[in-house]
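Accompanying notes for the structure given below.
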Amino acid sequence: MIISIASGKGGTGKTTVAANLAASLDQAVTVLDCDVEEPNLHLFLHPKIHTRENVVAPIPRVDMEKCTLCKRCMEICRFNAIAVAGKTVVTFPELCHSCGGCSAICPEGAVTEMERVLGIVETGTGPVPDMGFAQGLLDVGQVMVPPVIRKVKSHIDTQGITLIDAPPGTSCPVIAAMKDTDFVILVTEPTPFGLNDLKLAVETVRMMDIPHGLIINRAGMGDDAVYAYAKEQHLPVLLEIPFDRKIAEAYSRGDLIISRSNDLKEKFQTLYHDICRLVDAQRCAP
Amino acid sequence: MKELVILSGKGGTGKTSLTAAFAGLAPSLMLCDADVDAADLHLIMSPDIQQTHDFVGGNEAVINQDLCTGCGTCKELCRFDAVSESDEKFVVDALNCEGCGVCVDLCPENAIDFPQKTCGQWFVSATRFGPMVHARLGIAEENSGRLVTLVREQARKRAREQHIELILTDGPPGIGCPVIASMGQASAVLIVTEPTVSGIHDMKRVGELAAHFKIPAMVCINKYDLNLDQTRSIEKIAKEKNIALVGQIPFDPAFTQAMIQCKTLVENDETSRASQAVRDIWHAVMASPAMKIERLM
């Protein structure tokens, strides 16, 4: 069972849900932080890191001894990452998408590839014995986010439960994080911004055809429009986390909110069972 | 002309609420919403859309089944697992296609089309505070960085034409491609953070990014009284990193109330502590050295 936790809007509580759900489960779980631009799960789970691995992507290297300046590399590159300038070839690694087009098309074999580091992936174990942990960390200044996310996702536990903390938004990084997961929890807040971005997130998961449900965080803080939307769209509200200064303070320190109440821990356990039922129900639906 | 870009690293710290409030404090400005993935500024600005343009963001490979001989070259070459084979037919998964065109150029049968994709729309609008350029990236589309670059270019062009001296840009969360696209050549960035472990962690990363691209950065703390220890940590970090701390805003339900009324924080209640704090921050930002220098744009 792979559950991703997403939201259109940032700061609605994705990481809170991922950390607290992981810590509430009485079974082995693997938690993956796929918000590789700003990974925060480790601040709440304090994992012991055991391995650290670079995420690399190929970029072109040109052998000017072999190059005949034919410009085929420049013509195939849609990202302006390689250019023939006078009697030399210039590459722009930060624009390169690592598609391999230039090396594949070069008739002289003058373009080969070398590695560029995009970020790192760390793996370890969580605060409880049966918790696996992995996170990606994009190097500051790099833009190629999806390859780092895919590398984090190589640590999915295909036998057990995996929780994926996704980045905000609706574009390629989120798609990379949610792809091939069994269920998406959409975390929102009952405010106009929360609702606007939730609608975008719902469109995204529907397009990807992944079963999904809502968690309304900071319930009571704003208005009721999100409930009306959930009802109208037949979106199950799986959990409400109350708007409570005590919860916000616990979060600010990096504490798990379930440590503040047993009631919340039980609610997270129920959440998991509800999701299992929804996934099965939807899989069994004609 | 000057441009201030509002960033945060972490989402949900109050970038858009603050941008909106600032808009009401500036005598004249051009607004730019560079959070094209999950744009919210329009909810407060109620823009009167005057122009709508398509954003053509790239191309997408489509295999012409009439010409395809099933040789599999495209599948071998594709680095993005976008080509799959089922029932002896090769097809491209649009979600995975990077738009690199390698399969298109190297197909021995020229059997792959490469149509342009409309990835979203961008708008030129009028608001009660001045003109606004904003956009909507299509669901699950790529090239958000290019759309950010485009809305900023358009905002600049129109500001120049209309002799507007200040552009205020609401930025996206994170530190990846749309964020990098939102800060290039800006006069300064204002990082909105909050006194939480995540807020601090993410502020550091976006601060490093600004330093990497040599853009002057300032920081303000929203909900500063939520955790005073963390607020002191932010003050310390800002000092170490040479980022000017331009003010702090108390935890105030007025942020949400204003949003529900589609008003800025200041319009909603100009006497609230939060409104006063926002005003002080605005004056401090505008008086900062970075915002005094004319940058060639």
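Just so it is clear, the values below take in all heavy atoms, side chains as well, and ignore hydrogens, waters and symmetry mates. Per chain, numbering begins at 1; letters A, B, ... match sequence-line order.
- If you tally non-hydrogen atom pairs under 4.5 Å between each of B:Gly9, B:Pro173, B:Ser144 and chain A, the highest count goes to B:Gly9.
- Shown are A:Thr16, A:Asn20, A:Leu21; of these, the side-chain contact (heavy atoms from CB on, under 4.5 Å) with A:Ile258 is made only by A:Asn20.
- At a threshold of 4.0 Å, the pair B:Arg79-A:Glu113 counts as salt-bridged, since one of the basic side-chain nitrogens sits closer than that to a carboxylate oxygen.
- Side chain of A:Arg218 to main chain of A:Thr188: no donor-acceptor pair is present (N/O by atom type, distance under 3.5 Å, no hydrogens or angles).
- With respect to B:Thr196, the side-chain contact (heavy atoms from CB on, under 4.5 Å) criterion is satisfied by exactly one of B:Thr13, B:Ile234, B:Asn227, B:Leu226: B:Leu226.
- Of the residues considered (B:Ile200, B:Val206, B:Asn96), B:Asn96 shows the highest number of contacts with chain A, using heavy-atom pairs under 4.5 Å.
- When each of A:Ser7, A:Pro39, A:Ala201 is scored by its heavy-atom pairs under 4.5 Å with chain B, the top score falls to A:Pro39.
- Remark: B:Arg136 engages A:Glu203 in a salt bridge, criterion side-chain N to carboxylate O under 4.0 Å.
- For A:Lys179, the part lying under 4.5 angstrom from a heavy atom of chain B is the side chain only.
- With a 4.5 Å cut-off on non-hydrogen atoms, B:Phe114 touches chain A through its side chain but not through its backbone.
- Separation of the B:Tyr224 and B:Phe251 ring centroids does not fall under the 6.0 Å cut-off.
- Most heavy-atom pairs under 4.5 Å with chain B: of the set A:Gly11, A:Gly8, A:Cys99, this distinction falls to A:Cys99.
- With chain B as the partner, the residue from A:Pro192, A:Cys172, A:Gly101, A:Gly169 showing the most heavy-atom pairs under 4.5 Å is A:Pro192.
- For the pair A:Met208 and B:Leu95, the minimum side-chain heavy-atom distance is below 4.5 Å.
- Chain A forms the most heavy-atom pairs under 4.5 Å with one residue out of B:Asp202, B:Ile175, B:Val102, and that residue is B:Asp202.
- Looking at B:Ala181, there are no atoms closer than 4.5 Å to chain A (heavy atoms on both sides), in backbone or side chain.
- If you measure heavy-atom distances from B:Ile180 to chain A, the contacts under 4.5 Å come from the side chain alone.
- B:Lys10 and A:Glu38 are not joined by a salt bridge, as no carboxylate oxygen comes within less than 4.0 angstrom of a charged side-chain nitrogen.
- Of all the listed residues (B:Leu209, B:Leu43, B:Ile44, B:Asp35), the one sharing the greatest number of non-hydrogen pairs under 4.5 Å with chain A is B:Leu43.
- Within the 4.5 angstrom heavy-atom criterion, only side-chain atoms of B:Leu106, from C-beta onward, approach chain A.
- With respect to A:Arg253 and A:Asp255, a salt bridge is recorded, a charged nitrogen being found less than 4.0 Å from a carboxylate O.
- B:Gln257 CD to B:Asp252 CG: the interatomic distance, rounded to the nearest 0.5 Å, is 7.5 Å.
- Using a 4.5 Å cut-off between heavy atoms, B:Glu208 touches chain A through backbone and side chain atoms alike.
- Proximity to chain B (any heavy atom under 4.5 Å) is shown, for A:Met221, by both the backbone and the side chain.
- In terms of heavy-atom pairs under 4.5 Å with chain A, the best-connected choice from B:His201, B:His212, B:Glu141 is B:His201.
- Taking A:Val36, A:Val145, A:Thr15, A:Leu138 one by one and counting their heavy-atom pairs under 4.5 Å with chain B, the maximum is reached by A:Leu138.
- In this structure, chain A has a heavy atom under 4.5 Å from the side chain of B:Glu194, while its backbone stays farther away.
- Atom SG in B:Cys119 sits 7.0 Å away from atom CG in B:Leu137 (nearest 0.5 Å).
- Top candidate by heavy-atom pairs under 4.5 Å with chain B, chosen from A:Phe44, A:Tyr251, A:Phe193, A:Phe243, is A:Phe193.
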> Are A:Phe79 and A:Phe92 close enough, and set up right, to give a ring pair (Phe, Tyr, Trp, His ring centres under 6.0 Å), and what steps lead you there?
Replying inline: CA-CA 9 Å; A:Phe79 309 107; A:Phe92 301 94; over 10 Å; no
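- Interface residue A:Leu200: backbone and side-chain heavy atoms are both found under 4.5 Å from chain B.
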